[in-house]
Q: 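Below: one structure in structure tokens.
Below, read A as the first sequence line, B as the second, and so on, with proteins coming before strands; counting in each chain starts at 1. As the structure is a computational prediction, the values presented were derived from the model and not from experiment.
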Protein chains: 2
Amino acid sequence: MQIQVNEKIFLKDPNSSELGKKIISNGIELINEIGLESFTFRKLATKLETTESSIYRYFESKHKLLLYLTSWYWGWLEYHLVFSTANISSAEERLKVAIKVISKDIPDNEMFGHINLGLLNKIVISESSKAYLTKQVDDANKEGFYAGYKRMVLRISEIIKELNPNFGFASTLTSTIIEGIHDQKYFAEHLPTLTDISGDSSVLTQFYTDMAISTIQQNTK
Amino acid sequence: MQIQVNEKIFLKDPNSSELGKKIISNGIELINEIGLESFTFRKLATKLETTESSIYRYFESKHKLLLYLTSWYWGWLEYHLVFSTANISSAEERLKVAIKVISKDIPDNEMFGHINLGLLNKIVISESSKAYLTKQVDDANKEGFYAGYKRMVLRISEIIKELNPNFGFASTLTSTIIEGIHDQKYFAEHLPTLTDISGDSSVLTQFYTDMAISTIQQNTK
DNA sequence: CAATAACGATAGTATTACTTTCAATTATGA
DNA sequence: TCATAATTGAAAGTAATACTATCGTTATTG
């Protein structure tokens, strides 16, 4: 089972070689350690005992690497969502599962092949908005670089519409929930005044589930 | 009437001189034009017909300038909020006004002294999360660089608690609303699949107001 | 076994993100 | 008003960043 990522994001598929896989796995570690701003291909090359030029053969910039990581993450999470909701007939139940899937805590040692899912989740929480908060967002969007995220939002929106066909804000509610979950997790760790959440994700899941259900029901005709 | 900004954010108060004011007003323009990533003090210096070193006498980095702009914005918005809610006794009404204040569209030519509020609002929407999504967030927080944002969240949280003292997620709901409003405005312009919002802010205001009210009421004992 | 793809090594460029020093100008208050 | 301090400008310098290019060696595969 392989997660698909838009081919225009990379120059050479990092899954096609050992070096490519190391770039991804060590890239995830290094971005977590020092943050995206301090992260450079030179530092990653040193860590890998390879050269800058070798890394540039895979990704034309660290921004593309970030796009790769976030796209991969959304691909993986979509797979997870589809799997977790496959046998559930109730739309409300599927929505609850979806929110649980998004908000679930991932331990720092959970692996999917060579990819550390826990660390990747942390990157998504603290860096992924930088993938679209850029002047190049419209070009990147045209190239389809955000397709994974959009698919995820679409899937959940459709559950919401099934729950209440008269509700006109399924996409807005979905993206509010996804971004909200990431923000709240970040705030819990760094700016606790901005949140009532702390500890594990169960309270967070509950809050957004309640919020979603009551918001959706309210607009029922 | 002067908006106060934490003095540790700047080296020299940009309000204390003509050059300082130009750094702020032209900085706002230039960040809007080319985005925070491409923005440099060298380019700003060229625009101002001054030198890099002169700008560095006011701010030690462009990140500090961003912190200044966002802090100023929250200071200004808090003033606005206090003013707009001063004579309203109903907590529900005050909450509605608060959401309106945050989501209001600001025209590109609305000025407050030398500061273009419309452009500053755009910076807050597309760049302000970068002020805290950094490895230095904890140090910056200790220095009080996010005090303005936190005060804003606190004020609105208190309205929510007044509305329903049994509701335990006032801060989470407030920060979800504020961040959500910014995200939705950004999505409306750049990633429209992720939102149901388009056009002016009235629908956005209505959505978050409804969401807030129904979420708060739900947890009433 | 010949071709080709992948990688490493080295070097080079323009730009960024600053810092430092010193001289000229401007404001201020004794 | 004159001395003093504060402000700005000009110039130069540094280390790091974000790449690009070339070339030789080593694997891989057909």
Q: Is there a side-chain polar atom (N or O) of B:T40 under 4.0 Å from OP1 or OP2 of C:dT15?
A: no

Q: Taking for each residue the nucleotide of DNA chain C with the nearest heavy atom, is it A:R42 or A:T51 whose nucleotide lies nearer the 5' end?
A: A:T51

Q: Where the side chain of A:D108 meets the backbone of A:G118, is there a donor-acceptor pair that is under 3.5 Å apart?
A: no

Q: Could you state the CG-P distance from B:L11 to D:dT7, rounded to the nearest angstrom?
A: 12 Å

Q: What residues form a side-chain contact (heavy atoms from CB on, under 4.5 Å) with B:S157, not counting sequence neighbours?
A: B:V153, B:A170, B:S171, B:T174

Q: Got a salt bridge between A:E37 and A:K130, using NZ or NE/NH1/NH2 to carboxylate O under 4.0 Å?
A: yes

Q: If we ignore hydrogens and angles and just use 3.5 Å, is the side chain of B:N121 paired with the main-chain N or O of B:I106 as donor and acceptor?
A: no

Q: What distance separates B:S54 OG from B:L19 CG, expressed to the nearest 0.5 Å?
A: 6.0 Å

Q: Tell me: CD1 of B:I55 to P of D:dA10, nearest whole Å?
A: 13 Å

Q: What nitrogen or oxygen pairs link the protein and nucleotides 19-29 of chain C at under 3.5 Å?
A:
none

Q: Applying side chain to side chain contact (heavy atoms under 4.5 Å, CB included) to B:F187 and B:T193, what does each step give before you reach the verdict?
A: CA-CA 8 Å; B:F187 293 158; B:T193 343; over 6 Å; no

Q: Taking only side-chain N and O atoms of B:K43, does any of them lie within less than 4.0 angstrom of OP1 or OP2 on C:dT15?
A: no

Q: Extract from the structure each pairing of a protein N or O with an N or O of nucleotides 26-30 of chain D at less than 3.5 Å, listing the distance.
A:
none

Q: Taking NZ, NE, NH1 and NH2 as the nitrogens, is one of them in A:K47 or A:E33 under 4.0 Å from a carboxylate oxygen of the other?
A: yes

Q: Kindly indicate, with the supporting measurements, whether the criterion side chain to side chain contact (heavy atoms under 4.5 Å, CB included) is fulfilled by A:Y149 and B:L194.
A: CA-CA 9 Å; A:Y149 185 47; B:L194 300 179; 3.5 Å; yes

Q: Output yes when at least one side-chain N/O atom of A:K12 is less than 4.0 Å from OP1 or OP2 of C:dC7, else no.
A: yes

Q: Could you check how far CZ of A:F39 sits from P of D:dC19, rounded to whole Å?
A: 12 Å

Q: Just call it for A:Y58: base, sugar-phosphate, or nothing, with non-hydrogen atoms closer than 4.0 Å on any strand.
A: sugar-phosphate

Q: With a 4.0 Å limit, can you tell me whether A:S54 has a side-chain N or O closer than that to the phosphate oxygens OP1/OP2 of C:dG8?
A: yes

Q: In whole angstrom, give the distance that lies between atom CD1 of A:I23 and atom C1' of C:dG8.
A: 13 Å

Q: What is the distance, to the nearest angstrom, from the NE2 atom on A:H63 to the C1' atom on D:dC19?
A: 16 Å

Q: Between B:K62 and B:E127, is there a salt bridge with N-O shorter than 4.0 Å?
A: no

Q: Any side-chain N or O of B:T50 less than 4.0 Å from the OP1 or OP2 oxygen of D:dT8?
A: no

